[in-house]
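These notes are about the structure you will find just below.
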2 protein chains.
Amino acid sequence: MKANLEDIAREAGVSKMTVSRVLRGGQGFSNETRTRVMQVAEKLGYVHNKLAAAFGSDQASTLVGMCVPRLTSGLFGHVLDGVDRALGRLGYQLMIGANNHSPQEEEDWVRQVISWRPAGLILSGRHHTPATIDLLRKAGSPVVEIWDLTTSPVDMSVGFSHADCGTEMGQYLLRHGRRRAGYVGALARADVMGQARRDGFEQAFSRAGHPMVDAEVLHDAPGFYAGYYGLETLLSRCRTLDVVYFHNDEMAIGGLAFCQSRGIRVPEDLGIAGWGGMEAAAILPRRLTTTVVPTTAIGKAAAEALVARLKGEHVQDVTVVPTRLVPGETG
Amino acid sequence: MKANLEDIAREAGVSKMTVSRVLRGGQGFSNETRTRVMQVAEKLGYVHNKLAAAFGSDQASTLVGMCVPRLTSGLFGHVLDGVDRALGRLGYQLMIGANNHSPQEEEDWVRQVISWRPAGLILSGRHHTPATIDLLRKAGSPVVEIWDLTTSPVDMSVGFSHADCGTEMGQYLLRHGRRRAGYVGALARADVMGQARRDGFEQAFSRAGHPMVDAEVLHDAPGFYAGYYGLETLLSRCRTLDVVYFHNDEMAIGGLAFCQSRGIRVPEDLGIAGWGGMEAAAILPRRLTTTVVPTTAIGKAAAEALVARLKGEHVQDVTVVPTRLVPGETG
DNA sequence: TACCCCAACGTTACCGGTAAACCTGACAAA
DNA sequence: TTTGTCAGGTTTACCGGTAACGTTGGGGTA
C-alpha cells in the first residue's frame, strides 16, 4: 500500500541509497537520475517516514516539545504561535502539553516526550522537580526555559522577571499618589509567577513605607469572574483602598466591571492595574493600566535559540525580553 | 550513556524480549524476574524509546496530530485543552500546527505530520485540498474533522453548523423587532466558517422580507480593534441600521466600545450580537447577546471519538455538539 | 510410563531509513 | 602507460524496539 524507498529504487532502477540522497536533496547523482527518481516517488505517492529516519540516525529528529502552564491562557496562545511560526518555517514539528502549574505534571509530561527523543524542549517557568532536571540533563537535548527568567537555567532561558513587573507597577502607582494598595489574585499555590509579581508589588509599597493593606486570592481560574468577585470580596473587607493590583488583565477587567456595576469611579475612587497586555484591555471603556508582555517575541526568541543551538551555533544562555508598563486611564 | 533494553537484559541476566515484556506490563515471566528487571531499569535510568517502538511495530504509535486555524484564538485554546486533557490521560501525545485558515497551509502541515505516522489526526473545518484528502485516505489513520460539521466527513466529524448559528441569531433578532441588519466581519476569503455564519444570518433576514442592509469586512485579524473600526466604517456608510451581527465576540465587544465612545445607546439605538461565547462577553457592562460554543466539549468529544476508533470500537461518523444562543442585554 | 500442556522464558527476523565504506568507469595529468 | 581523481553510484551494517515463533522443564493426566 504505502511505498517506501525500496519500492522507488526498484521502479527507478537505482539503489535505495540513491533514492534517499535524491529525496533529501544531497549530491552524488546525475540530473537524469534525479528527475527519474522524483517522478517515480511522485507516481507512487511516497511519503517520507520521519519515524524511521529519526530512529535510524540520531541526527534527524525534527521534533520539539513544548510545555505551557495552561493551553487556555490567551498569553500562552501567542507564545505558542510565536514558537510555531518560527519552528514551522524550518520544518520542525511541535509537540505540546500543559502542566497546570504543577511541576509534577510537568515531570510526567517530560518523561513522555523524552521517549520520543525530541531535538529540543521548551518549558515554561523555572521550577522543576529534581527528577525533571535529571531527565533533561540525561537526554542531552537543548532546553529553553521561557517566561520566567532565571540566571541559572538548565540550559537556556528566554523571558523576563515577574518580580520586576510587580515592583515596577508598584513604583508607578506610588508615583501617582496611591498609598493604600490591595491585590486580587488566583491559584495562589499553583502559580509561582503570579506570586512573584505580587511579591515585587508588595515590596515596592513596603519600601516606600506604605505596606500593602489587604489581598484576596481565589482558588479559581484567573479569569473575569474571579476578578469581579475577588474585588467584591476585597472591598467588602476593606473600603479604604485606593488602588488594586490584579493577577492579570482578565481579572482586572472583571474588577473594572465590578466597579462600574457599583458606581465606583475609576481612577478617582479606586485605581486598577493589571498585567499581561490583553488586546481587550487597550480598548475597553477606559484603557487599562497594565504591563504588556511581548508574548510572540518570547516564543520566537525561544524557537530561534533552540534552532541556533541545534545548528551548533553559539547561543547566549539568558535572553531578556523586556516587558513594558503601559499607563492607562485606570491607575 | 543511555541505557536500552539490551543493557538491562545483560545486567538482569535475561533476554531483551523478557525486559520488553516486563516493562510493558505483559505476561510470560515470574514475579521474581519482574522485580529484578524493574530494579535494573530504574538503576540504569532507562527511558522508553517510543521512536523505536512505533517504528518497529505499526501498532504502537501514540502520536496524535491536531491542526487549528490560529493558535492565538481564545476559542481554540479551549478546544486544544479539551483534546489534551482527554488524550493525555490515555498516554497520547499531541502534535499541533496552525493553518491560518488556509487549506494549502493545512496540506503542508498534514504532509509533515503524516510522515510521523501518527495514530490519528484532528483537523479544523471541512474544507481541505484534494491532495490533503488523498493523503489522509492513503495514511489510513483515523481523522476527526471538528468545529464545522459536515455530513460527509473524510472519516469522523465533531462540531456544529455555522450556518445554523447565523440563521438562529437572525431569527432571534427578527423576533425582537430588528429589521435593518448589518454585519461586521474580518478575513473574508480566509475564514469560510465566519462566512457560513454570515450567510445563515443574511438568509434569515432575506426570508423574512428584510434583506441585510450593509456589511463591512476588514482584511485584518478578527479582534477588538477590527470590531471597533469596522462598526465605525459601517455606520458612517449607513446610519439607519438597527442591529449589527459581528464575526465573533471580540469584534462585538470592540463594536460595543465604539458605541459607548459615540454615545450610541445599546440596545435602544442599535442591537449588537456576537458569536463564540468569550468569558468576557458575559460580564462586561452589558451582557452580550451571543452564541456560546462548547469548545472544551468539542475537543473532548473529538479526542474520545479518535481513541474509540483506535480501540476498534464502533464510532458514529458525525457527532453534533449543540451551540446555545444566549440572549444578553445588547440585542 | 507416555503424553500433553503450560508457564516462563529465548531466538530470529524485521520495520525503513541513514552513515560509512566501497566500487566503477571516464578522463586528466604525469 | 600508469596513476590519481572524481562524479555517480552500490553495499553493508545498524538504530532499538516488537511480533512471531521456538524451546525447555516440570507437573498433571490417561
Side-chain angles (χ1 to χ4, degrees), chain A residues 1-38 40-41 44-63 91 112 114-119 139-140, chain B residues 1-38 40-41 44-63 112 114-119 138-140:
Chain A
M1 167 123 279
K2 280 226 208 82
N4 59 22
L5 287 191
E6 195 135 20
D7 297 329
I8 299 175
R10 205 179 311 115
E11 184 92 3
V14 293
S15 75
K16 218 170 101 175
M17 197 58 220
T18 299
V19 177
S20 174
R21 280 201 277 251
V22 167
L23 293 179
R24 281 183 298 153
Q27 313 161 336
F29 44 82
S30 65
N31 246 318
E32 187 194 356
T33 303
R34 201 191 59 208
T35 43
R36 188 152 33 94
V37 167
M38 295 288 247
V40 173
L44 298 184
Y46 174 75
V47 178
H48 181 61
N49 188 337
K50 290 209 177 159
L51 221 48
F55 170 62
S57 79
D58 39 28
Q59 306 280 45
S61 169
T62 56
L63 216 54
Q112 296 276 336
I114 285 281
S115 71
W116 286 103
R117 310 291 135 114
Chain B
M1 167 123 279
K2 280 227 208 80
N4 60 22
L5 288 192
E6 197 136 17
D7 298 329
I8 299 175
R10 207 179 310 115
E11 185 93 3
V14 292
S15 76
K16 216 170 102 176
M17 197 59 218
T18 299
V19 178
S20 173
R21 281 197 277 247
V22 167
L23 293 179
R24 281 183 299 152
Q27 312 160 336
F29 45 84
S30 65
N31 246 320
E32 187 195 355
T33 303
R34 203 193 54 209
T35 43
R36 189 153 33 94
V37 167
M38 296 287 248
V40 173
L44 299 183
Y46 175 74
V47 178
H48 181 60
N49 189 337
K50 290 209 174 154
L51 221 48
F55 170 62
S57 81
D58 39 27
Q59 307 280 47
S61 169
T62 56
L63 216 54
Q112 296 276 335
I114 285 280
S115 71
W116 286 103
R117 310 291 136 111
K138 265 203 203 112

Practice problem: Check for a donor-acceptor pair, side chain of B/Ser61 on one end and backbone N or O of B/Ala54 on the other, with a separation under 3.5 Å. | Solution: no

Self-check item: Minimum-distance pair of heavy atoms, taken over all atoms of A/Thr18 and A/Thr33
Solution: CG2-CG2, 4.0 Å

Quiz item: Just checking A/Lys16: base, sugar-phosphate only, or nothing, at a heavy-atom cut-off of under 4.0 Å?
Solution: base

Quiz item: Base, sugar-phosphate, or nothing for A/Phe55, non-hydrogen atoms under 4.0 angstrom?
Solution: base

Practice problem: Would you kindly say whether B/Arg24 and B/Ser20 are connected by a side-chain donor-acceptor distance under 3.5 Å? | Solution: yes

Exercise. Can you tell me the distance, in whole Å, between the CZ atom of B/Phe29 and the C1' atom of C/dA8?
Key: 10 Å

Exercise. Would you give the length of the straight line joining atom NE2 of B/His48 to atom CG of B/Leu5, rounded to the nearest 0.5 angstrom?
Key: 8.0 Å

Quiz item: Does D/dT10 have OP1 or OP2 sitting under 4.0 Å from an N or O in the side chain of A/Ser15?
Solution: yes

Quiz item: Are the side chain of B/Ser115 and the backbone of A/Asn49 linked by a donor-acceptor contact shorter than 3.5 Å?
Solution: no

Practice problem: Hey, which sits more toward the 5' end of DNA chain C by its nearest nucleotide, B/Arg117 or B/Asn31? | Solution: B/Asn31

Quiz item: Does any residue of residues 17-26 of chain B have a heavy atom under 4.0 Å from DNA chain D, and if so, which ones, in number order?
Solution: B/Met17, B/Ser20, B/Arg24

Quiz item: Is a side-chain donor or acceptor of B/Arg36 paired with a backbone partner of B/Ala12 at a separation under 3.5 angstrom?
Solution: yes

Self-check item: 5'-most by nearest nucleotide on DNA chain C - B/Val14 or B/Ala52
Solution: B/Val14

Self-check item: Results of side-chain contact (heavy atoms from CB on, under 4.5 Å) for A/Thr35 - residues two or more places apart only
Solution: none

Quiz item: What integer distance in Å separates A/His48:NE2 from C/dG16:P?
Solution: 13 Å

Quiz item: So how far off straight is the helix from C/dT1-D/dA30 to C/dA30-D/dT1, going by the axes through five pairs at either end, to 10°?
Solution: 50°

